[in-house]
Amino acid sequence: MFSSLSASAARGRGAARLAAVTLASGIVVAGAVATAGPAAAEETSQSPGGATATMDGLKTYGDAVIREDGEEQHVSAGLFEMSVEGGGMLQTYCIDLHNPTQQDARYQETPWSGTSLNGNKDAGRIRWILQNSYPKVNDLAALAEEAGAAGLTEQDAAAGTQVAIWRYSDGADVQAVDPQAEKLADYLEENARNLAEPKASLTLDPPAVSGRVGERLGPVTVRTNADSATVTPSADAAAGGVRLVDEDGKAVTTARNGSRLYFDVPEDAADGSATVTVQASTTVPVGRAFASETRSQTQILAGSSESTVSATATVNWAKEGAIPALSAEKNCAEGGVDITAVNQGDKPFTFELMGTEHTITAGATETVTVPLQEDQAYDFTITGPNGFEQRFKGVLDCATETAAAAGGDAVQMAGEPSPATVAGPSVEESTDLAETGSSGATVLIGGVAIALVVIGGAALLLVGKKKAAAQEKAPTQE
């Protein structure tokens with residue numbers, strides 16, 4: 001049930017928030033942005049699909065106390081709300097305690113492997129808490145009886161649930177101020193067990209295909225919990241005479257879970273590329289992670305109304321030569337972004353990545369991991385034959401952060417979304433160093449490491465230690 005959204009919307013917002021990290025005086029150069037490609041390059045998200053939403057704020061909450069290094073910090077703890085693009089609302093809890101939430105930040109449904117949950121052995125316990133507490137369980141009397149916490153209010157339930165989650169997501173020493181909320185937090189922490197990661201609301205597999213003209217390219221398989229979805233090819237497909245069909249060659253406009261989509265490319269089609277967008281309305285599974293591309297604190301889903309979800313796949317076709325298909329996915333286990341390149345042509349596809357040349361032989365597939373620093377933004381374009389261009393951008397956000405990692409004098413509190421902290425240069429501010437060519441692709445990534453700048457003989461060192469819990473590889477979930 002999702003009635004708690006409307007019930008909590010009128011409540012005031014918490015005054016406490018994560019403050020921006022205080023930097024030592026001097027100049028900090030963050031090697032965070034890679035080269036931006038031509039404006040015509042198609043931009044590709046690193047999420048395979050799902051819900052996209054905008055942060056509205058902290059809505060239902062209580063008070064909590066964080067104890068760290070002998071000090072106490074009073075914070076607000078509870079449920080956030082987000083508005084889904086295309087319609088719908090989400091309720092979420094924070095799983096990134098020491099990072100600020102940015103008002104109006106844009107979030108994307110993300111696999112656990114692309115967040116700090118990837119390295120957290122207790123990630124499945126967080127999902128158990130979400131499944132067995134508020135707002136998934138909205139009978140507060142029953143929840144109070146189960147936890148031995150008489151008289152639970154919505155604020156107490158939200159605060160207690162968030163406190164229990166923080167103990168597992170951030171390894172925090174945190175307590176709810178209200179005694180009943182604290183009883184709920186203890187009950188949830190003590191009884192939590194590992195559950196498997198929930199499946200995505202909507203995804204396409206694979207997200208990119210390629211092949212020769214005169215062939216049926218694919219399949220792209222639809223994975224969704226929705227009853228049905230609409231299928232819309234881009235104008236480029238129609239212009240090239242390319243039809244979207246099923247296994248029997250029949251034109252398709254709708255799909256469901258397990259549907260296999262093909263691109264039927266006529267023999268006289270000019271070399272080109274296109275996309276197909278699959279969209280549906282469904283409830284997003286509780287426990288799905290939501291990450292932003294602006295380093296706003298990572299969230300985990302506690303409740304969803306009927307919401308719009310979508311996913312896009314690309315197709316590239318040609319008569320001869322290299323015919324690449326490219327996709328990307330954040331890989332927190334390896335500390336970077338995986339670029340998967342498939343070559344369905346009759347000649348090798350060659351591109352340069354991080355100073356290393358990669359060649360994908362005809363009919364082969366290779367995955368290249370681009371190493372990145374934690375919190376590093378990236379924006380790069382890979383080009384290929386026949387005007388092929390694919391652009392990838394995002395931020396590697398794989399670890400929760402302790403106060404020590406942010407800087408000894410940093411004041412950090414959790415709560416209401418706050419302004420963005422210091423970040424690397426925007427795409428518009430970065431220098432466009434991408435090179436184009438008809439036989440391959442060049443990716444020049446600048447500033448991979450955090451720079452050490454010396455002015456007048458004084459050195460400034462930016463330290464970035466991450467929690468040990470975020471570095472431990474998660475075991476197989478039950």
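- Judged by distance alone, the side chain of Ser169 and the main-chain N or O of Ile165 form a donor-acceptor pair under 3.5 Å.
- Between Ile300 and Leu117 there is a side-chain heavy-atom pair separated by less than 4.5 Å.
- Here Arg391 contributes atom CZ and Glu389 contributes atom CD; the two are 10.5 Å apart, rounded to the nearest 0.5 Å.
- Judged purely by atom type and a 3.5 angstrom limit, Glu109 uses its side chain to pair as donor or acceptor with the backbone of Ser201.
- The closest side-chain heavy-atom distance from Tyr378 to Gln376 is not below 4.5 Å.
- Side-chain atoms of Thr369 and Glu334 form no donor-acceptor pair, as typed in the model, at a separation below 3.5 Å.
- For Gln108 (side chain) and Thr52 (main-chain N/O), no donor-acceptor pair under 3.5 Å exists by modelled atom type.
- Residue Glu366 qualifies as enclosed at atom CD: its count of foreign heavy atoms under 6.0 Å is above 12.
- Of the N and O atoms on the side chains of Gln299 and Thr92, at least one donor lies less than 3.5 Å from an acceptor on the other residue.
- A donor-acceptor contact shorter than 3.5 Å links the side chain of Tyr168 to the backbone of Glu189.
- Using a 3.5 Å distance cut-off with no hydrogens or angles, the side chains of Ser296 and Tyr107 do pair a donor with an acceptor.
- With hydrogens and angles disregarded, a donor-acceptor distance shorter than 3.5 Å links the side chain of Asp178 to the backbone of Gln180.
- Met89 is listed as a side-chain neighbour of Asp56, based on a closest heavy-atom distance under 4.5 Å.
- Ser116 contributes no side-chain N or O that, together with a main-chain N or O of Ala399, makes up a donor-acceptor pair within less than 3.5 Å.
- For Asn225, the side chain to side chain donor-acceptor pair (under 3.5 Å) test picks out Thr282, with sequence neighbours left out.
- Between the side chain of Thr115 and the backbone N or O of Trp112 there is at least one donor-acceptor pair closer than 3.5 Å.
- In this structure, Arg256 places its CZ atom where only 12 or fewer heavy-atom neighbours from other residues, nucleotides or ligands lie under 6.0 Å away.
- Note that the CZ atom of Arg193 and the CG atom of Asn132 stand 8.5 Å from one another [nearest 0.5 Å].
- Using a 4.5 Å heavy-atom threshold, the side chains of Thr400 and Asn99 count as separate.
- The backbone N or O of Val284 lies less than 3.5 Å from a partner atom in the side chain of Ser304, making a donor-acceptor pair.
- Within the 4.5 Å cutoff, no side-chain heavy atoms of Val163 are placed close to those of Gln175.
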Practice task
Start with the C-alpha distance between Lys183 and Glu146, add both sets of side-chain angles, then the distance that settles salt bridge (charged side-chain N to carboxylate O under 4.0 Å, His left out), and finish with yes or no.
Solution key: CA-CA 10 Å; Lys183 288 181 179 179; Glu146 188 74 20; over 6 Å; no

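- In the model, Gln102 has no side-chain atom that pairs as donor or acceptor with a side-chain atom of Arg295 under 3.5 Å.
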Exercise for the section: Check the pair Glu72 / Arg67 against salt bridge (charged side-chain N to carboxylate O under 4.0 Å, His left out), numbers first and verdict last. Expected result: CA-CA 5 Å; Glu72 292 187 351; Arg67 295 179 176 85; 3.2 Å; yes

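- Residues Pro198 and Arg127 form a side-chain contact, since some pair of their non-hydrogen atoms from C-beta on lies under 4.5 Å apart.
- Atoms CG and NZ, on Leu301 and Lys136 in that order, are 10.0 Å from each other to the nearest 0.5 Å.
- For the side-chain contact (heavy atoms from CB on, under 4.5 Å) test with Val278, the passing option among Leu204, Thr224, Val220 is Leu204; the others fail.
- Checking side-chain atoms of Asp96 against main-chain N and O of Gln297 turns up no donor-acceptor pair under 3.5 Å.
- The shortest distance between side-chain heavy atoms of Trp128 and Asn191 falls below 4.5 Å.
- Counting heavy atoms from C-beta on, the side chains of Phe80 and Gln91 never come closer than 4.5 Å.
- At distances below 3.5 Å, not a single donor-acceptor pair connects side-chain atoms of Thr110 with backbone N or O atoms of Gly114.
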